[in-house]
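Contents: one structure, followed by commentary.
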Amino acid sequence: MTSTDPLLEQSRQNRTTRGQWELFAPHRQKLEQLMLPGHGGRLCVLGAGNCNDLDLHWAQKTFAQVHLVDLDPDALRQAMERQHVQASATLHLHAPVNLTAADFHPGQFDVVLSPCVLSQLIEPVRKLLSKDLVQLLPKVKELRANHLALMARLLAQNGLGIVAIDITSSDVVKELAHIPDDQLADAMRNVIGQGRSFVGLDPRSLKQAIEAHPDLASITITQPWRWHIGLLRSFIVYAMCFRRRPEVTPPDRDLLLR
């Protein structure tokens, strides 16, 4: 039985994947490629956890500042120990931070990454309401909207937001580990069409949610990739990238009257 305490449950999940640095390598490299357009600026990673999906040495070389946010402070500290880095003027830790009720604002960032965090935020609600779709969907929409709003608040003007989504797993697609890479997109479409993916996190729903936010625009959807967690479990992951709209300066009233 899983704990009802969010910190204890997050700590438990982090422990299950703590030693999987090598297995995460392809997934980590996909995320690095998506972050590169914001190089030289400030990076914020939401739900950084064990940092198996973030090479901290690479991040410090690529960005002027790196901010790691998570509910589990021990996971962040141990991640830094494993990667042999220390908190510094360029590397900052923010923990414990509950991303479903985040009231923190460490400035604005050129890149904000949400690496397969949204599904983790939704999972407790999904388990609780799995047999009541009438109540589940509004709750998912609320969590999704709040997460995007948090990212929007953290993004600087024209900043890059990246939401990676683990849309389905080998628990559902038993043959996932053996599907050729060029067939993953078809597999993802089939699972979504059959209603066997995370509700509210399919590309169409997420795109609509981003477009509904007044400060977010310029959406790009990546091709899906495979993410191995352990030797027996895999996920299909895709990412959606967006920009924080530049603020429009209202015209000077005196100029309009001339």
Side-chain angles (χ1 to χ4, degrees), residues 6 10 13-14 17 24 27-28 30-38 41-54 59 63 66-72 75-76 79 92-126 140-156 159-167 198 200-203 205-213 215-222 224-225 227 229 235-244:
Q10 188 61 52
Q13 291 184 24
N14 285 334
T17 60
F24 275 53
H27 176 66
R28 187 166 60 243
K30 289 285 188 182
L31 296 177
E32 288 175 358
Q33 291 170 9
L34 294 175
M35 289 185 279
L36 272 178
R42 301 177 78 231
L43 168 67
C44 180
V45 182
L46 302 175
N50 294 319
C51 295
N52 283 334
D53 47 12
L54 181 67
F63 295 92
V66 179
H67 291 247
L68 307 178
V69 184
D70 201 81
L71 183 62
D72 184 356
L76 291 181
H92 303 263
L93 306 186
H94 304 274
V97 174
N98 185 343
L99 293 176
T100 62
D103 186 21
F104 76 109
H105 202 291
Q108 290 189 307
F109 298 88
D110 301 282
V111 179
V112 176
L113 171 66
S114 172
C116 298
V117 173
L118 194 45
S119 59
Q120 294 181 40
L121 300 179
I122 288 172
E123 180 65 5
V125 174
R126 188 193 68 81
V140 168
K141 288 181 177 179
E142 179 183 358
L143 286 167
R144 185 183 64 196
N146 289 344
H147 194 63
L148 293 173
L150 170 62
M151 295 182 73
R153 290 197 301 273
L154 292 172
L155 281 170
L160 173 65
I162 304 165
V163 180
I165 299 293
D166 44 335
I167 189 68
F198 261 108
L201 296 186
D202 58 279
S205 297
L206 186 57
K207 182 175 184 290
Q208 289 174 343
I210 293 171
E211 289 177 337
H213 194 287
D215 295 329
L216 302 179
S218 300
I219 298 165
T220 301
I221 304 173
T222 70
W225 67 86
W227 174 27
I229 294 187
F235 288 88
I236 295 179
V237 179
Y238 78 94
M240 194 163 292
C241 306
F242 52 89
R243 294 278 182 182
R244 169 78 188 249

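Reckoned from all heavy atoms, side chains included, excluding hydrogens, waters and symmetry mates.
Between Ile167 atom CD1 and Tyr238 atom OH the span is 5.0 Å, to the nearest 0.5 Å. To the nearest 0.5 Å, the span separating OG1 on Thr100 from CG on Leu71 amounts to 8.5 Å. Expressed to the nearest 0.5 Å, how far CG of Leu206 lies from CG of Leu148 amounts to 6.0 Å. How far CG of Asn52 is from CD1 of Ile229: 9.5 Å, rounded to the nearest 0.5 Å. Here the CG atom belonging to Leu118 is positioned 12.0 Å from the CD atom belonging to Glu123, to the nearest 0.5 angstrom. For the atom pair Ile165 CD1 and Ser205 OG, the distance stands at 10.5 Å (nearest 0.5 Å).
Taking both residues in full, the closest heavy atoms of Gly49 and Leu76 are given as O-CD2, 3.4 Å, listed atom of the first, atom of the second, then distance. Between Leu143 and Val125, the closest heavy-atom pair is CD1-CG2, 3.8 Å. Nearest heavy-atom pair across Gly200 and Arg144 is O-NH1, 2.9 Å. Across every non-hydrogen atom of Arg244 and Ala152, the tightest pair is NH1-O, 2.5 Å. Contact detail for Met35 and Phe63: the closest heavy-atom pair is O-CZ, 3.6 Å. Minimum heavy-atom separation, Arg153 to Gln108: O-NE2, 3.5 Å.
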From CA spacing to verdict: side-chain contact (heavy atoms from CB on, under 4.5 Å), Asp215, Leu155: CA-CA 10 Å; Asp215 295 329; Leu155 281 170; over 6 Å; no
side-chain contact (heavy atoms from CB on, under 4.5 Å) for Leu121 and His147? Distances and angles first, verdict last. CA-CA 9 Å; Leu121 300 179; His147 194 63; 3.7 Å; yes
Run the side-chain contact (heavy atoms from CB on, under 4.5 Å) test on Leu99 and Val117 for me, step by step, so that the C-alpha distance in whole Å, both residues' side-chain angles and the decisive distance to 0.1 Å come before the verdict. CA-CA 9 Å; Leu99 293 176; Val117 173; 3.8 Å; yes
The test is side-chain contact (heavy atoms from CB on, under 4.5 Å); show your working for Cys241 and Ile219 and say whether it passes. CA-CA 5 Å; Cys241 306; Ile219 298 165; over 6 Å; no
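With a 4.5 Å cut-off on side-chain heavy atoms, Pro106 and Leu154 count as touching. A heavy-atom distance below 4.5 Å is found between the side chains of Leu46 and Val112. Looking only at side-chain heavy atoms (C-beta outward), Leu201 and Ser119 come within less than 4.5 Å of each other.
Under a 3.5 Å cut-off, the side chain of Asp70 and the backbone N or O of Asp72 do form a donor-acceptor pair. With Asp110 contributing its side chain and Arg42 its backbone, the two residues share a donor-acceptor pair below 3.5 Å. Judged by distance alone, the side chain of Thr222 and the main-chain N or O of Ala239 form a donor-acceptor pair under 3.5 Å.
The aromatic rings of Phe24 and Trp227 sit perpendicular, their planes meeting at an angle over 60°, well past the 30° parallel limit. In this pair, His67 and His92 present their aromatic rings parallel. The plane angle is below 30°, not in the 30 to 60° band.
Listed by chain and number, the residues in a ring-ring contact (aromatic ring centres under 6.0 Å, His included) with His213 amount to none (sequence neighbours excluded). Residues forming a ring-ring contact (aromatic ring centres under 6.0 Å, His included) with Phe242 (at least two apart in sequence, or on another chain): none.
In summary, Arg28 and Asp53 do not engage in a salt bridge, as defined by a charged side-chain N under 4.0 Å from a carboxylate O.
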